[in-house]
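Note sheet for the following structure.
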Amino acid sequence: MRLTKLTRNLALGLGLGLLASPAAFAAESATARHHPKHVEFEFEGPFGTYDRGALQRGFQVYKEVCASCHGLQHIAFRNLADKGGPEFSEAQARALAAAVKVPAEPNDKGETTDESGAPLTRPGLLADRYPSPFPNENAARANNAGSLPPDLSLIVKARMGGPQYIYSILTGFHEKAPAGFKVPDNKHFNPYFEGWTIGMPPPLSNNGVTYSDGTKATIDQQAHDVVTFLAWAAEPKMEDRKRMGFAVLIFLITLAGLLFAAYRRVWKDAH
Amino acid sequence: MAATTSDAGTRRDFLYVASGAMGAVGVAAVAWPLIDQMNPSAAALALGTSEIDIASIQPGQQIVFKHRGLPLFVRRRTPAEIASAKAVDVNSLPDPLARNANLPENAPATDASRVVKPEWLVLIGVCTHLGCTPTVSTPQQPEGEYGGWLCHCHGSAYDTAGRIRKGPAPRNLDVPTYSFMSDTRIKVG
Amino acid sequence: MSGPSTYDPKSGLEKWIDSRLPLPRLMHDTMSTFPTPRNLNFWYTFGGILTFCLGVQIVTGIVLAMHYVSTSALAFNSVEAIMRDVNYGWLIRYVHANGASMFFLAVYIHMFRGLYYGSYKAPRELIWIIGVLIYLLMMATAFFGYVLPWGQMSFWGATVITNMFSAIPVVGSAIATWLWGDFAVGDATLNRFFSLHYLLPFIIAGVVGLHVWALHVPGNNNPLGIDVKTPQDTVPFHPYYTVKDAFYLVLFVILFASFVFFEPDFFGNPDNYQPANPLVTPPEIVPEWYLLPFYAMLRSIPDKLLGVIVMAGAIVTLVFIPWLDTSRVRSCRFRPLMKQFFWAFAVVCVILGYCGAQSVEATAFGVPLVWVARIATLYYFAFFWLIMPIVGLIETPKKLPASIAQSVLGDSAATPAE
C-alpha cells in the first residue's frame, strides 16, 4: 500500500532526473571517431580500486614515453607516495623526484639562466610538481609540427569515453586507413580520434619499456598500465571517495529505516 | 492526535530519540570535513622543509629567509658575540629553557644548547610575545641592550643567543629543527 | 502568522524573551503547531528538501571560496588544488557541483507539483510569483557558478549566454561589453561573476523567507485543492510533517550521496576538465541539463532576437499563470481534461530537454530535432496561453469532496487497505 506508492513516487522522481540528464551524442560525420574499445579496468564500478602494480608500471610508461611531450602539471612527486596512488615508498618517491630536473629558483646572483642561456634547473624535491616538457604553448607546437600535446593530469576525465577512449587511441595506430583516405604529412591515422588523423606518432611499441616486475611489456599491457596511472592522476582521491561513500550510504539507509518507522508510528492514527 | 497508550508512547519515544541521535551524529560527521578543510593543505605540508645555502653570510651578519611563511634568522656570530652569550648565568634568565626543537624539552638555555655549531645561530624570527619580527642588533646600529634583537612592537630585548632578557616576551626565540647538510648548507624542518 | 498564536511561554526567561523579541513564538507558530492539511503527499516534501539544498550550497560554497582564486590564470588550477590538496576538498567540491543539479531536480518537481495541484491559484498567487523569482535567481546563480572553474564549458557557456544580450537592438552590444568589462569574457568577467555568485544565494535565502511567509498566510494547498474548513482537516506541522519531511529528505540525500560518491561527474561535461581556451570552441556547447529545455527553444528559432525573446518569454510566462488558469477548481485530480494536457506538457518539457542536449543537425526517426523542438516550443506556449484559459472555461470538473477530513478518514474507513 503505502510502500508501493512510495516506490512508485521514487521511481517517477528518479526517472524524471535521468530522462533530463545530458545524453549528448556527437554529430555523425564521415570521419566521426569510432566508439572506444570495450576494455574493463580494475578501478571502474562502485567497488573498483586502482591496481598498484599497474599504477607503478604506468608511471614508468609515462616517465619513459609520454613525458617527453606531455606534461603532468597537477601531480607532485609527493603524490607518488600518497595512499590510494602508486604508493611508492617515500624514499622511492624522493629518488624519482631527484632524477628529474625541475626549473630552479633564481640563484644568488639573481640569474635565471646558465652561461649557455638555458634556464637553470635543479633536482626535483617531493614538493615539486612534475615539470612540463615545454615552457609554453608556442614551444610545444614548434616542437611537434604544429600540434599541441595536451597536459595529461586530467586527460581521462577531460575526454568523452574516459579510460576506454585513451586506451583505444594508444592501441589504435595499427589499423589501416580506408582506401582513398588521405593522411596528411606529419599526421597519423587513428580511427578512434575525431577526424581520424592525429599529430601524435604511435607512442608505444612492444617492449618499448622494460618492467622491473617482469610483466611482459606488450602494447596492450603498457596502454592498460598508463591509462590506469592517468586515471589515478585525474582522480587521485577515488579510493577515499568510494570508501567513504559506502559508510555514508549505510548510515543514511539505517537512518532512513528509523525515520520510516517513526513516520509510520506518528501517522498511524492520522490516516 | 488521538491519545496514545503508554506502550506506544515508549516505542515512539525510542524512535524519536534514536533517529534524533543518529541525525545528530550525521551532522557532527559532516562538520569535520568543513572544519578540517581549513587546516594546512597537502601542498602546504609538503613545503615544510627548506634547504638553505648559508655560504654567503659574513661573520656578524644575519640573513632572513622564509620558512613555512615565517622569517627564519640565520646569524653568523662573531667570537665576541659567542663569548658574551656564554658568560650569562642560565639561572638568571627569564626563560631558563633552551627552546630548541633539536633537543629535549627540558634542556637548559645554555649557549651551547641554543646552537648546532656555535658560529651559526638559526632561529624562527617571531617574537614570543605577539608574533612581530624583532630587529637585529649590530655594532653599527645597536638594538636593545643585549646585542641580539629588539622587538619594536612592545620592547622585548633578546641577547646574542636569541634568549629573552627584558620586556614582555615570555620565551626565548624558538630554534627550529635543522641540520647541516654540508658546511655551507642547512636543511630546516 | 495565521490565526491566534498558541505559544505559551513557561519559564521566566521565555517570557522575558517573548516580550522583547518573539522569535521563539514565531518558530513555534510556523514550525510546530502550524495547522497543515492532513492529506499532503510525497510531492509536498520538496519544499523542505529545497531549503536543505540551499543550505548545503551556501555552506559548501563559503568553504570553497576560502580556497578558490577568481583570476583567469589561476582559477582552473585552484579548483584542481581543492580536488587534490585541500583536506576533504574533493568531497566539498563534488557536493557543491552535484548539489546544483540536485537543487534543480528538486525545484522542478516542486514546480510541477504546484502546477498539477493548482497551488498558484488564489489566494496563493504571490507565493507562486515569488517562487518564479527564486527560480530565476537560481538560474543566474547556477550560471555564474558554472563559469568559475574556468574550463572550456565555463568559458564558452559564459560567452554564449552573455552574447544573448547583444540581441537587444541598439544597446545590445554595449550591454554585453558592460557585462564582460572587456571586449570578450575574461578576467574582469570572471571576477564579477564570482562576486555575484557569492552574493545571490543570500538574496535567494531572503526571498525564500518571503516565499515561506506568504505560504503561512493562507497555509498549504493540498492534493484535493479544497480549502481547509475545520480543525479536523489539519494536523500540527510537528511531528506529522517534520517526521515525514525528514524521512523523504533522507531518501533524497541517499540519491544525492550516490552521485557524489559514485558518479560525481555524471552531470558534468568532460570539456570542463580542460582549461578555458579563448581561441578554440568545443565542438558541442551544451549547458547544464537543467537549462536544456530553454536552450532547445533558443536554438529552434532561426532569428537571434526572436530566439532570445522566446526563451525569456518562456520564463516570464510563468508569472502570469495565476491569471491564465480560469478553472474554478485547483487540483488536476478533479480536472480530467486538464490532467491530460498537464502530462503532455511534462513530456514536452522532457522532449525539449532532450533536443537541447543533441547537436544542432541531429534527427530522430528522420525528423530534424530542430523541428521537434519548434513544435514542442509551440506547445509550451500554447499550454499556458491557450489551453489553460480555454480548458478552464469548457471543462466540467469532477465532484469535489466535502472536506479534507472526509476524504482522508472516510476513505480509509471504507477501504482499510487504502
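Below, chain A is the first sequence line, B the second, and so on; all start at residue 1.
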(message) If you define the side chain from C-beta out and look only at heavy atoms, does anything of C:V260 sit under 4.5 Å from A:M244?
(response) no
(request) To the nearest 0.5 angstrom, please state how far the CE atom of A:M238 sits from the CZ atom of C:F261. (result) 14.0 Å
(request) Taking the side chain as every heavy atom from C-beta outward, state whether A:R265 and C:V243 have any atom pair closer than 4.5 Å. (result) no
(request) Quick one: do C:L91 and A:K237 satisfy side chain to side chain contact (heavy atoms under 4.5 Å, CB included)? Show the steps, please. (result) CA-CA 9 Å; C:L91 172 63; A:K237 304 290 186 186; over 6 Å; no
(request) Could you tell me which portion of C:M83 (side chain, backbone, both or neither) has an atom closer than 4.5 angstrom to a non-hydrogen atom of chain A? (result) both
(request) Under 4.5 Å, counting heavy-atom pairs only, tell me which of A:Q73, A:R243, A:K242 racks up the most with chain C. (result) A:K242
(request) Please state whether the rings of A:W267 and C:Y241 are parallel, tilted or perpendicular, taking 30° and 60° as the class boundaries. (result) perpendicular
(message) For the backbone of A:I75 and the side chain of C:R84, can you confirm whether one donor and one acceptor N or O come within less than 3.5 Å of each other?
(response) no
(message) At a 4.5 Å cut-off on heavy atoms, which part of C:F104 comes close to chain A: side chain, backbone, both, or neither?
(response) neither
(request) For A:H74 and C:F76, run side chain to side chain contact (heavy atoms under 4.5 Å, CB included): C-alpha distance rounded to whole Å, both residues' side-chain angles, the deciding distance at 0.1 Å, then the answer. (result) CA-CA 11 Å; A:H74 294 298; C:F76 187 90; 3.9 Å; yes
(message) If you compare all heavy atoms of C:F262 against all heavy atoms of A:L249, which two are closest, and at what distance to 0.1 Å?
(response) CE1-CD1, 3.6 Å
(request) May I ask you to test the A:L252-C:F256 pair for a side-chain heavy-atom distance under 4.5 Å? (result) no
